[in-house]
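The next block holds one structure in the form of C-alpha cells; read it before the comments.
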Amino acid sequence: MIAGNQWLVPAVVATVVLGTAYVVVMPRLRYQVHRWEASPEAVYTLSGWLSREWRVAPLSRIQTIDTQRGPLQQLLRLATVTITTASAAGPLKIDGLDAEDAAELARDLTEATNRAPGDAT
Amino acid sequence: MTVPDAPTSSPPTDETTQQWSRLDPRMIAVHPIRQLVGLLPVLAIVLITGRNSVFQISAAVGLVVALLVFGALRWYTTRYRVTAERVELRSGLLNRQQRSVRRDRVRTVDITAGPVHRVFGLSVVQLGTGSTQPGQLSSLSLDAVPAAEAERLRLSLLDRSTLDAAAPSTQDRPDAPQGEVIAGMRWSWLRYAPLTTSGLVAVGALVGFGLNLANELGLAPTDIGAVQRAGEELSGVSPTLAIAMIVATVLLVGVTGSLLIYTEGWWGYRLTREPDGTLLVRRGLLTTRALSVEEKRLRGAEVSETILLRAGRGGRASAVTTGLSARSSGGALLPPAPRQEAHRVAGAALRTDPRHATAAPLTRHPAAALTRRLTRALLPAALLVALAWLLHVLFPTRWPAGLWPVGLVLLPIAVLLAIDRYRNLGHALTANHVVTRAGSLLRRTVALQRDGIIGWRVRQSAFQRRVGLVTLDAITAAGAGHYPAVDVSFARAVELVGEVSPGLLPPQT
C-alpha cells in the first residue's frame with residue numbers, strides 16, 4: 001500500500017516536529033533531573049528524563065573509577081566519570097561534570113576505595 | 001584510574017618450576033570423532049547423491065585426514081599449567097593465545113564428560129571466575145584432561161588452604177573425604193519431567209533437522225512409506241479424530257522425550273556439601289557433570305516455577321553465585337522436584353531455614369501494582385483486537401470479519417494473567433536475606449544474602465511516578481547482577497535500603 005510520495009511528506013513533517021521537540025525538551029528535563037553526590041560511605045547518582053534511575057554504590061564495593069572526555073566534552077571542558085562495581089548490572093555514570101570537578105572526584109574516590117578493605121565482591 | 005588488585009607477592013621460583021603440560025593425547029582422537037559425528041549427515045548426502053564414486057571416496061578420505069591433522073595440531077599447540085598463583089592456557093598455531101586466570105579468582109569448577117570423552121576416560125574442566133570486567137576472563141576451559149586429573153584440579157583449585165602451602169597437597173590426601181549429602185535422586189520426581197517442555201523442544205529440533213536433511217536429499221516427507229500410509233489413514237477418518245490423534249501423538253512423543261532428557265540429565269544426581277567448603281552437584285547418565293560452587297561465594301538461592309510446574313506443585317532450585325552466568329542452567333542444584341523440596345534444598349544450600357529464605361512469608365505489593373499489571377496485560381490485547389477490527393473495516397476483502405471477535409478471547413486471559421502476576425509479586429526481609437518474588441508464566445523467588453548486596457538501584461518509569469511506585473533492584477556480583485522488587489512504594493524502597501544497608505541513604509531523601 002506504500003504508494004510513492006504520498007507518505008513522504010507526512011513522514012518528513014512528523015520527523016522534524018518530533019525531532020525538534022526532543023532536542024528542545026529532553027536536555028532541559030535531563031538537566032533538571034540529573035544529580036550526583038559522594039559521601040564518605042557511598043556514591044549516589046540520579047539520572048533519566050521520562051523515567052528516573054537512582055543508583056547507590058558503597059565505596060567499599062567500587063572496583064574501578066574512570067574519567068572520559070570526548071571531543072565535544074573537551075571543547076566544553078566537561079568530563080564523564082564512570083564508577084564500576086563487580087556487578088553485571090552496569091556501572092554508575094556521572095555525565096557532563098566540570099572537568100576539574102571530575103578529576104577531583106576521581107582522585108578522592110580512588111583514595112577512598114584504596115583504603116576500603118576486601119575485593120569488592 | 002584503576003583500583004589495583006591485592007598486592008601480588010609472586011614467588012617466581014614456583015612459576016618457573018611448574019611445567020607446561022599438554023592436554024591428554026587421546027584428544028587427538030576425540031575431537032575428530034566428535035566432529036565426524038556432527039558431519040555424518042553431510043557425509044551421507046555426499047555418499048548418497050554423488051555420481052562419481054572416485055570423487056566421493058577421495059572427498060570422504062580427505063575430510064577424515066584433514067580432521068585428524070587438525071585434531072593433532074590442536075593437541076600439539078595447546079598447553080596448560082597450574083602454578084601456585086595462576087591457571088594458564090596457551091593455544092593456537094597461527095593465532096597464538098595465552099589465557100590465564102588467578103587461582104584465588106576461581107569461583108566454580110564445572111567438570112563435564114560427554115559420551116565420546118567418557119569412552120576415552122576424559123573430562124572437560126571449566127573454571128568460572130565471575131569477572132564482568134573487560135580484559136579479565138570470565139571462564140577458562142581445559143578440553144580435556146584425564147578424569148582423575150580433573151578431580152584433582154577440582155579439589156585443589158577451590159581449596160584455599162593449598163594457596164598457602166608451597167605445592168598442591170590434595171593429591172596426597174586419603175582419597176575422597178565424604179561430604180554431607182543434602183539431596184539425592186528420587187525417581188518419583190520423574191513425574192515432574194512431563195511438566196517441563198524440554199522434551200517437546202528437543203523432539204521439535206530433531207524433527208526439524210530430519211525434515212531439513214530430507215529436503216537436502218531431495219526427498220519429500222510423503223516419499224517415505226510410513227508417512228504416506230499415515231497420511232492416507234488420517235484422511236480416511238473424521239477431522240476431529242484426526243486432530244485428536246495428532247495431538248495425542250505430539251503429547252506422547254513430548255512426554256517420552258522429556259522423560260528421556262530428565263533421566264539422562266539427572267541420573268545419579270547428588271548434592272553434597274564437601275569438606276573443602278564447596279557445594280557439589282553430580283549428575284548425568286551419558287554426559288556426566290560435576291559442578292562445584294565455592295560456598296563462600298554463594299550469594300543466594302532461587303526457586304523457579306514455570307506455570308506447568310506450578311500447576312503440579314513442582315519447582316527447581318538453583319544457586320545464585322559469582323562464576324556462573326545467569327542464563328546458563330549451570331547453577332541448578334536440583335532437578336524439577338516437589339516445590340517443598342526445592343525450598344528445602346535452597347535453604348540448605350544457604351545454611352538457613354527455608355522459611356527465612358525462599359519460603360519466607362512475603363509482603364504483598366500496593367494495590368496500584370495490580371492496576372499496573374492489568375493495564376500492561378490488557379492494553380496490548382485490546383490493541384490487537386482493535387487492529388484486527390480496523391484492518392477489517394479498511395480492507396474488508398483481505399481481512400475476514402470473524403478475526404476481531406475471536407481476538408476478544410485474549411481479554412479474559414490477559415486479566416487472569418495480570419491477577420496472577422500481581423498475586424505473585426512479593427518481598428520480605430529476613431534475618432540474613434532479602435527475598436523477592438515475581439512472574440506468572442515463570443515465577444521466580446530469589447533469596448539474596450544481605451551481605452552479598454553491593455549496591456542499590458531504584459528505577460521509576462513515567463507511569464510508575466504517577467502512582468508513586470518504584471522498582472527496587474538489589475545489585476550483586478552474582479548471577480543476573482540485579483534482583484528486582486517490582487512495584488513497591490517509594491517509601492518502602494527507602495525503608496528497605498535503610499534497613500539492609502544502614503548509613504547508605506543520604507539524609508535528604
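Quick note: numbers below take in every heavy atom, side chains included, and nothing from hydrogens, waters or symmetry partners. For clarity, every value in this text was computed on a predicted model and none was experimentally measured. Below, chains carry the letters A, B, ... as their sequence lines are ordered, and counting in each starts from 1.
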Check: Arg465(B) side chain, Leu50(A) main-chain N or O, donor-acceptor pair, under 3.5 Å: yes

Residue among Ala42(A), Ser39(A), Ser51(A) with most heavy-atom pairs under 4.5 Å to chain B: Ser51(A)

Distance (rounded to the nearest 0.5 Å) between Ile475(B) CD1 and Arg61(A) CZ: 12.5 Å

Trp399(B) atom CH2, over 12 foreign heavy atoms within 6.0 Å: no

Beyond-backbone contact of Trp54(A) with Arg459(B), side-chain heavy atoms, under 4.5 angstrom: no

Smallest separation among heavy atoms of Pro58(A) and Ile454(B), with atom names: CD-O, 3.4 Å

Chain A contact via Leu472(B) - side chain, backbone, both or neither, heavy atoms under 4.5 Å: neither

Spatial distance of atom OG (Ser461(B)) from atom CZ (Arg52(A)) [nearest 0.5 Å]: 11.0 Å

Side-chain heavy-atom pair Thr476(B), Ser87(A) within 4.5 angstrom cut-off: no

